[in-house]
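One structure below.
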Amino acid sequence: MRPKQSDYLTWSKRRSGARYNLARSGAPRFPLADLSPSLDDLLATDPHEDGWPPLVDRIAARYGVSAQSVVTTHGCSMANHLAYAALLETGDDVLLETPVYEPLVTLTRYLGARPNLVARRAEAAWRMDPADVKRALTPRTKLVILSNLHNPTGALDDDATVAEIARAAEQVGAHVLVDEVYLEFLHADGVRTSAGVAPNVLATRSLTKAFGLDTLRIGWVVAEPALAERIRRLNDLFSVTIAHPSERLAARALDQADGILARTRAALARNLEAMDAFVRARPRLSWARPRAGTVGFVRVEGVDVDAWVERLHREYEVAIVPGRFFDAAGHVRIAFGLAPDDFRAALERMARALA
């Protein structure tokens, strides 16, 4: 039977009230008031049947693509859903990385496709090896799914890696979908998007993880124009249009994107250093330090991880994610998108629970 829910997202929502929520993987929430909204942002009714053109133009300009390549959606989750649904038929194979974000596997099964997994390796700092992808492709593979930055490890695959994977996928008639919801953290370093490195590569993003604007529910797909139009028309069967106030506020956010990200990056850098010191000081713990982003994947030795996670939540008010949700038992995903003082307090509680 096809799954009708994400076990991970159900679990995560039930941890959302934790005092120290290190399961929530986004940046600290950005105050909407800091976007300087106007009354027009709430009351205007501009045409926006296929996405509000000023927002679409801003997204296209930021990533160096044409407006015809951009499809706006309700968050990155809907962007992924639409991309999958536009490209898959029942019985197709989908090649996914492991560790893997569980909703991507569940969505594959929901659409009647078959998930196959290819391993990212801890000894390679979790970066994807194109040779492993080539060996795992089948004649029925229609989609290769990557997350970049990788969720849950924060590893980065460069354009050359994605391009090599795309060439291999093209040989079997497959597309490569790159979930780039965390990649915005590297925009200031010149990293833009993998969409465009090959015609069969498309990418998804949102304002949620890097910008802390999850309340707007604004995401997008970047694809070659013909595929983007297919996705746009498919969306008519789902959400049809996006709430216009969200579109207008999203445009304001992109107008000040660099400032928002600079503010976020400073806090995350402090938390990443604290997290790295915490892991290195404890022989039971190990990780490959994330390239960027808000999450890291920590191996825990000699501990029943699921029991430890539940105890952290119950007795210490700290929420982290057990590795079973990423097909990687013995690990935990720890997010560091809290205010630095709160993050240090959470680490102190984790240390007591681990001891």
Side-chain angles (χ1 to χ4, degrees), residues 24-86 177-185 187 192-193 195-196 202-264:
R24 180 184 177 274
S25 59
R29 286 194 169 98
F30 189 82
L32 293 182
D34 288 2
L35 297 177
S36 302
S38 70
L39 190 59
D40 276 350
D41 292 329
L42 298 178
L43 302 181
T45 56
D46 294 354
H48 67 130
E49 284 75 9
D50 284 330
W52 189 44
L55 173 59
V56 171
D57 289 344
R58 284 167 168 80
I59 295 169
R62 187 162 181 82
Y63 304 113
V65 300
S66 70
Q68 290 72 34
S69 293
V70 176
V71 185
T72 51
T73 66
H74 279 98
C76 195
S77 293
M78 181 54 78
N80 286 332
H81 187 128
L82 291 169
Y84 270 61
L177 171 59
V178 187
D179 183 327
E180 296 179 342
V181 74
Y182 296 97
L183 196 61
E184 192 71 50
F185 287 111
H187 194 275
R192 296 298 182 259
T193 178
L202 61 160
T204 55
R205 292 203 189 188
S206 78
L207 293 180
T208 297
K209 301 301 184 184
F211 290 89
L213 288 165
D214 53 329
T215 53
L216 297 184
R217 301 308 303 156
I218 292 290
W220 53 87
V221 183
V222 177
E224 58 88 19
L227 177 55
E229 178 61 13
R230 285 170 56 192
I231 294 170
R232 206 173 283 120
R233 299 284 61 86
L234 180 60
N235 195 33
D236 290 341
L237 297 177
F238 292 95
S239 56
V240 187
T241 59
I242 295 172
H244 190 48
S246 286
E247 292 178 308
R248 295 179 69 98
L249 291 174
R252 288 185 178 272
L254 289 176
D255 285 342
Q256 47 186 295
D258 293 341
I260 293 172
L261 291 170
R263 187 163 118 180
T264 299

Minimum-distance pair of heavy atoms, taken over all atoms of [X] and [Y]:
{"X": "A67", "Y": "D57", "result": "CB-OD1, 3.7 Å"}
{"X": "L261", "Y": "E184", "result": "CD1-CG, 3.5 Å"}
{"X": "E49", "Y": "T241", "result": "O-CG2, 3.5 Å"}

Query raised in the report: Going by the angle between their ring planes, with limits at 30° and 60°, are H244 and W52 parallel, tilted or perpendicular?
Result: perpendicular
Report task. Would you check if the side chain of S246 reaches a backbone N or O of L216 as a donor-acceptor pair within less than 3.5 Å? Result -> yes
Cationic N near anionic O, under 4.0 Å, [X] to [Y]:
{"X": "K209", "Y": "E180", "answer": "no"}
{"X": "R205", "Y": "D179", "answer": "no"}
{"X": "D50", "Y": "R233", "answer": "yes"}

Query raised in the report: When S239 is tested against each of H74, H81, R217 for side chain to side chain donor-acceptor pair (under 3.5 Å), which residue passes?
Result: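 Checked H74, H81, R217 against S239; only one passes side chain to side chain donor-acceptor pair (under 3.5 Å): H74.
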Query raised in the report: Do you see a donor-acceptor pair shorter than 3.5 Å between the side chains of Y63 and S69?
Result: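 Side-chain D/A pair, Y63 to S69: absent.
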What I'd like to find out is whether the side chain of [X] reaches to under 4.5 Å of the side chain of [Y], using heavy atoms alone.
{"X": "D41", "Y": "P245", "value": "no"}
{"X": "L183", "Y": "T193", "value": "no"}
{"X": "V178", "Y": "L202", "value": "no"}

Requested in this report: Hey, could you give me the CZ/CG distance between F30 and L213, rounded to the nearest 0.5 Å?
Outcome: 7.0 Å
Query - Check against side-chain contact (heavy atoms from CB on, under 4.5 Å), I218 and T72 - result: CA-CA 7 Å; I218 292 290; T72 51; 5.5 Å; no
Report task. Please step through side-chain contact (heavy atoms from CB on, under 4.5 Å) for the pair L82 and F238, ending with a clear verdict. Result -> CA-CA 9 Å; L82 291 169; F238 292 95; 3.6 Å; yes
